[in-house]
Amino acid sequence: MTMNEQLPQNLGLDLVRATESAALAAGRWMGLGKPDEADAAATEAMYQALNILEIDGHIVIGEDVKLGPHSLLDSGKSVGNGQGPKLDVVVDPIDGRKLLAEGRGGAIAVVGVAPRGSMWSPSPSIYMEKIVVARDTAVNLVPQCMTAPAAWTLALVARMKQKEVRDLTVFVLNRPRHYDLIEEIRMAGARVMLRSDGDVAGAIMAASPDGRIDILMGIGGVPEGVIAACAVKAMGGAMLGHLAPQSEEELLAVKAIGLDVQRVLTCNQLVSSNQIFFAATGITDGALLSGVRYRGRKAESHSLILRCETGTRRIIHAEHSIG
């Protein structure tokens with residue numbers, strides 16, 4: 001398959017079965033304080049669900065970038081039965097491992113696909129800085145926003161949204177590396193939504209035209225950035241990103257293969273094709289999706305499916321029979 005050929009129009013409905021499987025497996029671990037065990041269960045469930053699909057999938061960049069080799073969904077692994085279209089695949093069986101382990105809201109299972117060769121894969125990079133906004137602000141999100149003071153970018157966003165800066169809500173991961181950024185945002189007068197984990201969900205909320213987040217800012221993982229780009233582009237939002245090594249070792253590894261840490265990338269450079277399908281299922285209750293509900297031999301899930309080419313956004317409330 002080339003990037004000009006059409007993907008099956010119902011591929012999103014196939015993919016959501018994989019995120020539902022991961023969410024149903026992970027939800028059993030909510031609040032148990034065992035993120036590794038939860039991740040292993042969700043990964044196995046997602047892998048099995050992906051492997052029955054008629055696709056020839058290639059994991060472009062997986063969690064092993066940050067966590068080390070540990071699963072069937074690591075970078076370079078194959079998924080699908082090998083009989084269908086050749087696809088780049090990005091997955092995160094649990095976006096928000098810490099949230100799930102601590103029994104807090106906002107953990108989701110996600111997967112995105114696009115034709116082979118269309119997704120950015122800057123291995124061995126681990127971290128990247130990101131800014132995400134919805135389509136009502138997309139046209140004015142310029143590369144200078146990545147280096148400008150936070151107050152300048154927030155003023156730009158507020159003007160496009162016809163709001164006061166004080167009425168903006170900014171999603172930021174609660175990390176020591178963001179202390180200065182958080183202080184800048186607060187000094188500008190904007191409100192901050194801090195989360196310990198889950199910046200894919202944060203990016204989706206920031207890109208949603210009816211979301212409660214106006215902008216996502218800060219440094220997160222490269223895998224999460226590529227996954228987020230699939231969803232942001234599918235919703236017509238905008239995203240900027242550049243590599244942001246957090247250690248001397250990472251910086252040297254990035255420079256050794258000729259990657260430019262100053263280069264600012266847009267959604268179209270992170271995922272070059274419009275043939276994008278994205279699916280997410282809530283694991284724990286959050287602002288984006290409701291979490292899994294277990295009711296005896298039944299379970300309920302709440303999912304989102306996005307198709308970039310048509311701009312379709314589907315919300316699915318499903319009931320499952322479980323053992």
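Numbers here simply count residues along the sequence, with the first being 1.
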**Item:** R177 atom CZ: more than 12 heavy-atom contacts under 6.0 Å
**Value:**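 For R177, atom CZ is crowded (more than 12 foreign heavy atoms under 6.0 Å).
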
Under a 4.5 Å cut-off applied to non-hydrogen side-chain atoms, are [X] and [Y] in contact?
| X | Y | result |
| --- | --- | --- |
| D199 | F171 | yes |
| F278 | I227 | yes |
| L99 | S196 | yes |
| L32 | E37 | no |
| S272 | W120 | no |
| L7 | L87 | yes |

- Item | salt bridge (Lys or Arg N to Asp or Glu O under 4.0 Å) between R313 and D210, worked out | CA-CA 12 Å; R313 180 169 55 154; D210 53 356; 3.4 Å; yes

Single hit among V110, V91, L72 for side-chain contact (heavy atoms from CB on, under 4.5 Å) with M46: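 Exactly one pass, corresponding to V91.
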
Quiz item: Among L15, D14, V16, which one satisfies side-chain contact (heavy atoms from CB on, under 4.5 Å) with F277?
Solution: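 Of all the options given, the one that passes is L15.
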
Side-chain heavy atoms nearer than 4.5 Å, only ILVMFWY residues, links allowed to pass through others: does that put [X] and [Y] together?
| X | Y | result |
| --- | --- | --- |
| I59 | L11 | yes |
| M160 | I131 | no |
| L168 | V133 | yes |
| I204 | V132 | yes |
| V226 | L173 | yes |

- Query: Can R97 and D36 be said to form a salt bridge (Lys or Arg N to Asp or Glu O under 4.0 Å), step by step?
  - Reply: CA-CA 8 Å; R97 285 163 36 107; D36 292 338; 2.8 Å; yes

Would you compute the distance between atom CD of E300 and atom OG of S290 and round it to the nearest 0.5 angstrom?
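Interatomic distance, E300 CD to S290 OG, rounded to 0.5 Å: 9.5 Å.
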
*asked:* Once rounded to the nearest 0.5 Å, what's the spacing between atom NZ of K98 and atom CZ of R195?
replied: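 K98 atom NZ to R195 atom CZ measures 13.0 Å (nearest 0.5 Å).
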
Check ion pair D56-R116 (N to O, under 4.0 angstrom)
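Salt bridge present between D56 and R116.
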
Q. Is E164 paired with R166 through a side-chain N to carboxylate O contact shorter than 4.0 Å?
A.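 Salt bridge flag = no for E164 with R166.
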
Practice task
Might you point out which heavy atoms bring G103 and M30 nearest each other, and give the distance in Å?
Solution key: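 What the structure gives for the nearest pair is CA-CG, 3.8 Å.
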
Check: Where do A190 and L154 come nearest, in terms of heavy atoms and distance?
Finding: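 Scanning both residues completely, I find the closest heavy atoms to be CB-CD1, 4.0 Å.
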
Without placing hydrogens or testing angles, list every side-chain donor-acceptor pair under 3.5 Å for residues 233-245, not counting sequence neighbours.
unit_1, atom_1, unit_2, atom_2, d
K233, NZ, N268, OD1, 2.9
K233, NZ, V271, O, 2.8
K233, NZ, S273, O, 3.1
H242, ND1, V261, O, 3.3
H242, NE2, E129, OE1, 3.2

Determine yes or no for a side-chain-to-main-chain donor-acceptor pair under 3.5 angstrom, with [X] supplying the side chain and [Y] the backbone.
| X | Y | result |
| --- | --- | --- |
| E20 | S301 | no |
| D214 | T169 | yes |
| Q269 | T266 | yes |

In chain order, what residues pass the salt bridge (Lys or Arg N to Asp or Glu O under 4.0 Å) check against R297, with sequence neighbours excluded?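 R297: no salt bridge (Lys or Arg N to Asp or Glu O under 4.0 Å) contacts found.
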
Within 45° of the axis and under 6.0 Å from the centre of the six-membered ring of Y294, does NZ or CZ of R28 qualify?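 The answer is yes; both the distance and angle limits are met.
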
